Amino acid sequence: MMTFEGLGIDARLIQATDELGYVNPTAIQEQAIPILLSGTQDFIGLAQTGTGKTAAFGLPLLHIIDAAAKYPQALVVCPTRELCMQIVKEIELFKKYMSGISVVAVYGGASIGLQIRDLKRGVQIVVATPGRLIDLIERKAINLEQIKYVVLDEADEMLNMGFQDDIEFILKNTPKRESTWLFSATMPAEIRKVSKKYMKDPKEIIVGKVNTANKNIDHQYYVTTAQHRYETLKRIIDFNPGIYGIIFTRTKLDAQEISERLTREGYDIDALHGDLTQGQRDKVMGQFRDRTLQLLIATDVAARGIDVQGITHVINFELPDDVEIYTHRSGRTGRAGMQGICISIVHAKEMYKFKQIERINNSQFHKMDIPSGKDVCRKQFFSFMDKLLSTDISHGDYETYVPMLAEKFADVSKEDVLKRVAAMEFDRFLKYYENSQDLNVRERDKSVREPRGQEMGRTRERSMQGIDGGRGDARNQYARGGRESSGGGSGYSRLFVNLGTKDGFFKASFLQFVLDMSDLKKEVLGKIDMKDMNSWIEIEKGAAQQMIRSLDGKKYKGRSIRMNDADSGGPAGFSGDRSRRPRRGE
Ligand code: AMP
């Protein structure tokens, strides 16, 4: 078993870790410390919180800092104020037997004056959140000129919160940086990009499994039709009386319109989008933070950097196109060890996109039933009654009035009192939901495509076979030469579609997309030939029309899909085989 002595760190640090009860280094410490002690090697450590990563960078930092030089030499950047304080606390414990080294925490939401005073004391290690650090740089209260070591802790979280520009600014403005140490639980593409741009041959260490999902988030989705999206959103909000959440829309206009509509209907909500002035934005954020606003509706850009504790729900009014954006959004909840729920309102036709997100996000998404009007009323009713029962009545001078009340209510039963209270509170609510319709898109509905989510791995494998030649028949025809399968006598049509790899499709996702849209089984497909802008799909003649009907004229990422029989030369929908038009639902 490796020991801290064996790692070569200063005896005074070992004395401190001994006292803390650290017997052996953890895996990340064992691998990181020898590398980091050099002070000149860039480093990437993929490790979760709880693996001992604070000591993995804290101990070597203390070992290599020059205690005699009284200026900032090391900068630790981390996403939240809580983490900032925790890191400083641990470093303080580690340096218990070292004198002349001081460490300071600078983060938003606390007096900047006091932090500036602390910085002036000649600290060597600064632990900061990105926003406050930039603020201090702009006020010239901190000088990064002499910083030798930059540690980015929970880098993925920082990027999730929209601090990418700030991180890059910090890396660009530390000219004497001798090494950069990056710690992250996951390795999204954005972090790769940052590391490529600003780090030199980083040594990469992975501890445990690099997971891409935050296990504290329950991912749920509701399938409805496009025209019921708004109504579904309302049901979800109403079904969660204690909700404290952020709703994401794709456009400013949507954010604005939904916010206005919900406000008119009595909800505590406001919108955050790019058209607001800084003052307006601060006001909305302030109200949301102190919970005067229960709901915030935001575009992705406007929600950058939001770090609000205790968000219970994130709702995707519409799915983002990008998996990374989904991750950014869902990351607003389930923070600091708390549980969170990320809800997506999905249109049946978006299931293909959803499945991609599910797969890449590497977590299971749960399909939920959109609550009925009755469900909503029941939930609201009991929530109100719970509130009623838990109301604190110990402080007011209620005793003075009780005799009068008792007299007034002498002939009214307890049940009647409850009914009246409920009626006052819920009459409008009950009326609103009285004849409410079922918003779910049900399986029996022909247009529904249930996710084949649970079997993603398998589905994908099969899909790949379908495309890449697992279907021996279609492939063999090619092997025999010629394109007889398309439009000829082989029973296959060849369809043209104006979608290709430029639209972000890979073969598997493209196959899934056309199958989901058309509700056809993969067995009807032959070879798929994808180019940048267009693709050609071989499909059994009997199924060709259904596919054309399902895709032609529909939208993908705002662009109209054009699909037609590639060999007929005719317009979309004309396959040249009118005798075999599929029957409805075939
Ligand atoms: P961290 O991942 O840095 O948040 O550390 C998680 C917890 O593990 C902290 O409470 C540390 O004090 C503790 N810890 C770190 N390194 C060791 C070690 N080598 N032995 C025992 N506990 C440790």
Side-chain angles (χ1 to χ4, degrees), residues 1-37 43-65 74-98 101 103-105 107 125-129 149-161 179-187 191 203-216 307 309 331 334-338:
M1 268 271 179
M2 180 53 83
T3 58
F4 281 100
E5 284 88 348
L7 293 177
I9 55 170
D10 193 295
R12 291 167 296 173
L13 292 169
I14 293 172
Q15 196 180 347
T17 50
D18 270 354
E19 260 180 39
L20 289 170
Y22 296 7
V23 180
N24 300 105
T26 64
I28 185 78
Q29 291 161 3
E30 189 173 328
Q31 296 178 73
I33 291 173
I35 299 171
L36 300 181
L37 283 176
F43 174 85
I44 295 176
L46 293 172
Q48 317 264 345
T49 302
T51 51
K53 63 189 167 58
T54 317
F57 65 78
L59 295 172
L61 266 191
L62 288 165
H63 183 104
I64 58 180
I65 286 293
L75 179 62
V76 181
V77 193
C78 66
T80 63
R81 153 202 181 117
E82 289 71 27
L83 188 56
C84 214
M85 295 195 290
Q86 192 185 320
I87 293 171
V88 168
K89 202 169 116 204
E90 285 203 41
I91 293 182
E92 295 278 7
L93 291 170
F94 300 149
K95 74 178 186 67
K96 185 173 171 191
Y97 296 102
M98 296 180 121
I101 298 186
V103 50
V104 67
Y107 45 78
I125 303 176
V126 178
V127 183
T129 53
Y149 319 107
V150 172
V151 183
L152 303 174
D153 194 19
E154 300 203 353
D156 50 354
E157 265 301 303
M158 290 198 278
L159 298 194
N160 272 349
M161 288 166 63
S179 56
T180 312
W181 311 349
L182 185 153
F183 288 84
S184 189
T186 62
M187 198 62 189
I191 298 211
K203 276 242 167 22
E204 195 168 313
I205 300 293
I206 301 175
V207 169
K209 202 171 136 271
V210 178
N211 75 337
T212 47
N214 176 345
K215 296 286 177 250
N216 291 333
D307 176 31
Q309 294 299 310
R335 302 173 78 83
M338 285 167 74

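Counting starts at 1 for both ligands and their atoms, following the listed order. Given the structure is predicted, the values throughout are model-derived calculations rather than measurements.
Among Y22, F4, F183, the residue whose heavy atom lies closest to atom 23 (C) of ligand 1 is Y22.
Of all atoms in ligand 1, numbered sequentially from 1 with element shown, those under 4.0 Å from a heavy atom of T54 are 1 (P), 3 (O), 4 (O). Set against the non-hydrogen atoms of T26, the atoms of ligand 1 under 4.0 Å away are 16 (N), 17 (C), 18 (C), 19 (N). Below 4.0 Å from some heavy atom of K53 lie the following atoms of ligand 1, by number and element: 1 (P), 2 (O), 3 (O).
Put simply, the side chain of T129 never gets that close to the backbone of R81: no donor and acceptor are under 3.5 Å apart.
The two residues L36 and I64 make their nearest non-hydrogen contact at O-CD1, 4.0 Å. Annotation for P60 and I33: closest pair CD-CG1, 4.0 Å, computed over non-hydrogen atoms. Between F4 and N24, the shortest heavy-atom distance links the atoms CE1-C, 3.7 Å.
There is no protein heavy atom less than 4.0 angstrom from atom 7 (C) of ligand 1. In this structure, atom 3 (O) of ligand 1 is in close contact with the protein, since a protein heavy atom lies within 4.0 Å of it.
In N24, the part holding a heavy atom less than 4.0 Å from any atom of ligand 1 is the backbone. With a heavy-atom cut-off of 4.0 Å, F94 does not touch ligand 1 at all.
For residues 54-65, no residue pair satisfies the side chain to side chain donor-acceptor pair (under 3.5 Å) rule, not counting sequence neighbours.
Scanning the protein for heavy atoms near atom 9 (C) of ligand 1, the closest one is E90 OE2, 4.1 Å. Nearest non-hydrogen protein atom to atom 16 (N) of ligand 1 is Q29 NE2, 2.7 Å.
Partners of S179 by side-chain hydrogen bond (donor to acceptor under 3.5 Å, both in side chains), not counting sequence neighbours, listed by chain and number: W181.
The line from CE of M2 to CG of L7 is 5.0 Å long, rounded to the nearest 0.5 Å.
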(message) Quick one, V151 with I87, criterion side chain to side chain contact (heavy atoms under 4.5 Å, CB included). Give me CA distance, side-chain angles, the key distance, then yes/no.
(response) CA-CA 12 Å; V151 183; I87 293 171; over 6 Å; no
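The shortest N or O to N or O distance between G52 and ligand 1 is under 3.5 Å.
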